J.: 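Dropping the structure in here first, questions after.
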Number of protein chains: 2
Amino acid sequence: MYLKAMAELSNHEAVATARLAEHLNVTPVSANEMVRRLSDQGLMIHTPYKGVTLTEKGRTIASNVIRRQRLWECFLYDYLKIEWARLYEMACSLEHATAPEVTEALAVFLGHPTVCPRGNPIPEADGSFTPLNGTTLNAITVGETVTVQAINATATDVLQYLYERRVLPGCTLTVIEAAPLQGPLTLKINEKEIVLGLSLAKFVITKPNPTE
Amino acid sequence: MYLKAMAELSNHEAVATARLAEHLNVTPVSANEMVRRLSDQGLMIHTPYKGVTLTEKGRTIASNVIRRQRLWECFLYDYLKIEWARLYEMACSLEHATAPEVTEALAVFLGHPTVCPRGNPIPEADGSFTPLNGTTLNAITVGETVTVQAINATATDVLQYLYERRVLPGCTLTVIEAAPLQGPLTLKINEKEIVLGLSLAKFVITKPNPTE
DNA sequence: TGAAATAATAAGGTTTGCCTTATAATTATC
DNA sequence: GATAATTATAAGGCAAACCTTATTATTTCA
């Protein structure tokens, strides 16, 4: 229950409860109740009409949740060959059920990976965490060529959609065109052109192309 | 919720609801409610004052639950080096959270093991299942030497107790003495003598010693 | 600034899986 | 066969995490 909220918040700071509700697929009212409970437990701070922030304590727990989740993603992908788009959802269930001893043993077994198959960093056991500093694809100027660093989505259908178009961590792409009025982007990936809506492009974290 | 009940039932047939309650650490009243719900779903049949039996459907689900559980036990033991006594409890949580694809991928990864680290057989993907046919240690006559085939316990403290005394699958032991009035057994294991209460001895499944 | 949009809160409801207490039915045992 | 022990069932409660429907604050922006 906690963690999902955290996972979302961990992005940056001050998250609107409406965003939380959206992410968790619950009504705004439920999200508010939830936030109150978690605030009461000292895990987050809710400033009405402003948003929600994690406390130190909350942040630590959230980091651990994300660590567990992403370690499982690595295992499921590298060893069990689970399909990429479903890693998140499956790792998410396992995460709930993972004791600390298992988390650390898993980290050792996997050789302490630093990123998950979606390209997102894995927090350390002590909770420390270097967030991605890349630019989301929707903010790239037309003509630029970039490398995809991570996919920040969690919904299986979104992941599936991006997977089918081979918009994956490590790939290189060029923004060919950005349609006006917040219209979709046209990209070139692997010599093929694809069209991607802006709302999906927001999930794609890029970094400057090393060869450029 | 279902599965725990199943896991218990799967032993043989017709389980008293009181045994279920005990095993699940709930009150008999709660166990009864549970049994009603599961009967309504067609997973078990409750004959009042007689006990509970699984239906075909129930048995299939139960087999799958046990399969998942024991595959995880193998993984946790062989790859993550989790301590033996805690395998059951940890695998139990993971079990709840395991999708069918993960179960089968795990079986492949592990090389389709046939027994778990506690020596219990792992059901096949189709639900088929060869139960252990050994004799419980409490029924062994004094003087006999047998090999431990499996430990049928699930409680961590029981497993820990047996582990500390090295009563583990594969070990060979001799029953030195059985105290009268259902008193404890004296056993010889690895040249050392230990004393084991009858209620614990019931968890130890043995087979005739091959060298005898 | 005032209306519309967004956010918060209040009130009351549902489901699930447990609980306690009490009573009724059945089975076991002397 | 009567009493004791076990099982079952009935009735009512609790907590968690949702929900809907209102109502009230606050912001935002034309």
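So that the names make sense, note that chain A is the first sequence line, chain B the second, and so on, each numbered from 1. Computed from a prediction, not measured in an experiment: that's the story for all the values here.
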J.: Could you give the CG-to-P distance, from B/Leu20 to D/dT7, as a whole number of Å?
T.: 11 Å
J.: Is any side-chain nitrogen or oxygen of A/Ser30 closer than 4.0 Å to OP1 or OP2 of D/dA17?
T.: no
J.: Within 45° of the axis and under 6.0 Å from the centre of the six-membered ring of B/Tyr88, does NZ or CZ of B/Arg86 qualify?
T.: no
J.: Send over the distance from B/Arg37 CZ to C/dT16 P, rounded to a whole Å.
T.: 8 Å
J.: Could you pull out all residues at least two apart from B/Thr47 that satisfy side chain to side chain contact (heavy atoms under 4.5 Å, CB included)?
T.: B/Ile45, B/Lys50
J.: Please report, rounded to the nearest Å, how far the P atom of C/dT15 is from the CG atom of B/Asp40.
T.: 15 Å
J.: Examine B/Arg166 relative to B/Tyr163 and say whether NZ or CZ is less than 6.0 Å from the centre of the six-membered ring and inside a 45° cone about the ring axis.
T.: yes
J.: Return the value, rounded to whole Å, for the distance between atom CE of A/Met34 and atom C1' of C/dA7.
T.: 19 Å
J.: Does the D/dA25 base have a donor-acceptor partner in the side chain of A/Tyr49 within less than 3.5 Å?
T.: yes
J.: Give the rounded distance in Å between these two atoms: CG of A/Leu24 and P of D/dA17.
T.: 13 Å
J.: With the side chain of B/Val29 defined as its heavy atoms from C-beta on, choose the nearest nucleotide among C/dT27, C/dC18, D/dT9.
T.: D/dT9
J.: Among the candidates D/dA8, D/dG12, C/dA8, find the nucleotide nearest to the side-chain atoms of B/Pro48.
T.: D/dA8
J.: Give a yes/no answer on whether the side chain of B/Thr17 brings an N or O atom under 4.0 Å of OP1 or OP2 in D/dA8.
T.: yes
J.: More 5' along DNA chain C: A/Arg36 or B/Asn25, using each one's nearest nucleotide?
T.: A/Arg36
J.: May I have the list of side-chain donor-acceptor pairs in residues 153-160 of chain B shorter than 3.5 Å, sequence neighbours left out?
T.:
| unit_1 | atom_1 | unit_2 | atom_2 | d |
| --- | --- | --- | --- | --- |
| B/Thr156 | OG1 | B/Glu89 | OE2 | 2.6 |
| B/Gln160 | NE2 | B/Glu164 | OE2 | 3.1 |

J.: Any chance you could lay out the side-chain hydrogen bond (donor to acceptor under 3.5 Å, both in side chains) test for A/Ser30 and A/Glu33, step after step, and finish with the verdict?
T.: CA-CA 5 Å; A/Ser30 300; A/Glu33 288 173 345; 4.6 Å; no
J.: Return the value, rounded to whole Å, for the distance between atom CG of A/Leu38 and atom P of D/dA16.
T.: 12 Å
J.: Can you tell me the distance, in whole Å, between the NE2 atom of B/His46 and the C1' atom of C/dA25?
T.: 13 Å
J.: Check the distance between C/dC18's P and B/Asn32's CG and give it to me in whole angstrom.
T.: 13 Å
